[in-house]
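For reference, the structure is listed below as structure tokens.
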Amino acid sequence: MYKMMTPGPTMVAPSVLQARSREFGNPDVDTDFCEEYHKVCTRLAELLDTENEVYILGGEGILALEAACASLTEPGDRVLVIDNGVFGKGFADFVKIYGGEPVLYTVDYHKPVETGKLRAFLEKDHGFKYATVVHCDTPSGVLNDISTICPLLKEYGILTVVDSVAAMFGEEVHVDDWKIDIICGGSQKALSAPPGLAFVSVSREAMESMENRRTPVASFYCSLLIFKDYYKEKWFPYTMPISDIYGLAEAVRLVGEDKDRIERHHRISAAVRRAVREAGLSLYLEHGDASTVTVVLVPEGIRDREIIRVMKEEHGILISGSFDVLAGKVIRLGHMGNNANTEDVAQMLTALTKTLHQLGFECLCDMGEVFLGLLFTPRPAI
Ligand SMILES: *Cc1c(COP(=O)(O)O)cnc(C)c1O
């Protein structure tokens with residue numbers, strides 16, 4: 001098997017794989033499972049720094065995004081879609097599907113949203129039921145400052161929906177302090193469990209907004225409202241993917257024990273960016289890279305697919321290209337969750353140096369060596 005250095009899914013700890021192969025009971029009938037599920041939700045809430053309820057949904061990360069929009073949107077609702085990336089813009093589709101009217105706030109994809117400029121926009125137009133914003137928009141790797149964006153939106157009485165699927169656990173998240181009504185997460189990013197589960201935290205205000213709808217939620221599977229009383233009633237709207245949740249529970253436990261996690265993501269990503277630049281390569285972003293992924297422009301005359309193929313076939317390391325408007329333009333180096341470790345990242349960078357050499361681009365240094373030098377000498381890795 002290759003080393004999976006993609007920006008999700010990531011490599012998974014053996015104990016997570018083992019937890020998924022545990023014997024299991026009937027999650028519909030056996031209320032012990034409800035207790036276990038509730039415990040994982042509670043632990044996730046602690047890690048996300050919130051008093052809000054957390055619900056784990058049986059579906060991949062996208063389900064969390066769609067469920068938030070399905071549950072909040074009523075026909076005719078105006079929704080502010082903050083768009084400085086592919087996932088950011090994608091929220092408009094969910095809003096439309098559920099009859100809402102998305103209003104795009106589109107800014108340059110090469111840098112984070114500027115909260116001051118968003119304020120100027122909101123001063124003129126703030127009649128929105130809720131707003132969507134992506135924390136780390138993975139195709140470009142941009143990190144938006146949700147710590148200022150969400151409180152600003154709340155000043156105008158706008159509910160906040162944050163896609164932090166590719167940032168949480170690799171970046172700081174403080175749901176309550178930052179006034180996030182619904183945060184969306186997934187199992188396969190920095191949490192480092194296999195793909196298959198999504199989760200959300202839902203504020204009381206967001207839940208009340210769902211309860212006070214004039215029209216029913218236009219979905220069953222995507223409704224967050226149906227989860228509201230699951231614990232009281234010991235009832236799930238559908239049979240929970242119990243083995244996946246056992247795996248998730250172990251991944252959550254490991255994340256909780258890893259006290260150096262956020263710092264390590266920052267150290268490693270700063271050193272990756274510096275090594276990439278010293279090699280003579282360019283980053284996609286002007287500034288504002290997330291610590292979970294580095295997005296590098298493909299050197300002229302080389303194809304992203306070739307880089308990915310040689311990396312995989314000759315060096316046994318899987319990296320990723322990008323998609324939508326970034327397709328073909330960049331390669332993406334993942335260093336989130338379990339992948340945020342010095343050894344694997346150094347190997348990836350040395351292999352990339354060799355791969356580019358094979359394809360006709362001479363790096364000015366061995367990126368792996370520069371990376372290690374930055375981490376293991378007193379020189380600050382910034
Ligand atoms: C991965 C990811 C998701 C989940 O969707 P995928 O189907 O795994 O692409 C949602 N939002 C962001 C920002 C992601 O990186």
Side-chain angles (χ1 to χ4, degrees), residues 4-12 44 48 55-70 81-95 97 109 112-113 131-146 149-150 160-173 180 182-201 221-222 224 241 244 247-248 251 265 269 284-285 288-295 318-327 330-340:
M4 190 156 59
M5 300 299 285
T6 48
T10 69
M11 292 185 284
V12 169
L44 278 168
L48 297 171
Y55 307 104
I56 303 164
L57 314 176
E60 201 272 341
I62 288 289
L63 175 59
L65 280 52
E66 181 164 352
C69 294
V81 173
I82 297 176
D83 162 32
N84 67 327
V86 175
F87 280 98
K89 184 175 191 168
F91 265 111
D93 295 335
F94 296 129
V95 172
I97 288 170
Y109 278 24
V113 169
T132 62
V133 59
V134 179
H135 194 187
C136 164
D137 209 309
T138 336
S140 69
V142 72
L143 184 75
N144 285 316
D145 182 9
I146 55 169
I149 292 171
C150 294
T160 56
V161 172
V162 173
D163 170 359
S164 184
V165 174
M168 59 167 65
F169 309 120
E171 296 281 359
E172 294 279 346
V173 174
I180 301 168
I182 299 184
I183 197 164
C184 305
S187 54
Q188 84 277 30
K189 303 287 167 84
L191 196 46
S192 291
L197 292 176
F199 45 90
V200 288
S201 79
Y221 209 79
C222 285
L224 296 174
D244 290 343
L248 190 79
H265 277 83
S269 60
Y284 176 78
L285 295 174
D289 297 73
S291 66
T292 46
V293 57
T294 298
V295 180
L318 188 70
I319 59 167
S320 162
S322 197
F323 49 92
D324 203 272
V325 293
L326 282 99
V330 295
I331 50 169
R332 296 188 296 159
L333 311 175
H335 33 76
M336 57 173 70
N338 278 0
N339 294 0

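One-based numbering, in listed order, for ligands and for the atoms of each.
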query: For E66, which residues count as a side chain to side chain contact (heavy atoms under 4.5 Å, CB included) partner, sequence neighbours excluded?
result: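 Applying side chain to side chain contact (heavy atoms under 4.5 Å, CB included) to E66 gives F94, Y98, C222.
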
query: Can you find an N or O of D137 that's nearer than 3.5 Å to an N or O of ligand 1?
result: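 Not met; the criterion fails.
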
At less than 4.0 angstrom from any non-hydrogen atom of [X], what atoms of ligand 1 do you find?
{"X": "C136", "result": "13 (C)"}
{"X": "Q188", "result": "8 (O)"}
{"X": "A166", "result": "15 (O)"}

Can you tell me the protein heavy atom closest to [atom] and the distance?
{"atom": "atom 11 (N) of ligand 1", "value": "D163 OD2, 2.6 Å"}
{"atom": "atom 6 (P) of ligand 1", "value": "E60 OE2, 3.2 Å"}
{"atom": "atom 5 (O) of ligand 1", "value": "I62 CG1, 3.3 Å"}
{"atom": "atom 9 (O) of ligand 1", "value": "F87 CZ, 3.6 Å"}
{"atom": "atom 15 (O) of ligand 1", "value": "T138 OG1, 2.3 Å"}
{"atom": "atom 1 (C) of ligand 1", "value": "K189 NZ, 1.4 Å"}

- request: Kindly compute the distance separating CD1 (I183) from CD1 (I146), expressed to the nearest 0.5 Å.
  value: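 I183 atom CD1 to I146 atom CD1 measures 5.0 Å (nearest 0.5 Å).
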
field: CG on L326 to CG on D137, rounded to 0.5 Å
entry: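 CG of L326 is found 9.0 Å from CG of D137.
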
task: Under 4.0 Å, heavy atoms only, figure out whether ligand 1 is touched by the backbone of H135, its side chain, both or neither.
output: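 Looking at H135 and ligand 1, no heavy atom falls under 4.0 Å.
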
field: Whether F87 and F323 hold their rings parallel, tilted or perpendicular, with breakpoints at 30° and 60°
entry: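 Taking F323 first and then F87, their aromatic rings stand perpendicular (interplane angle over 60°).
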
- request: Measure the distances from the heavy atoms of P7 to every atom of ligand 1 and state whether one is below 4.0 angstrom.
  value: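 Flag not set, P7 not near ligand 1.
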
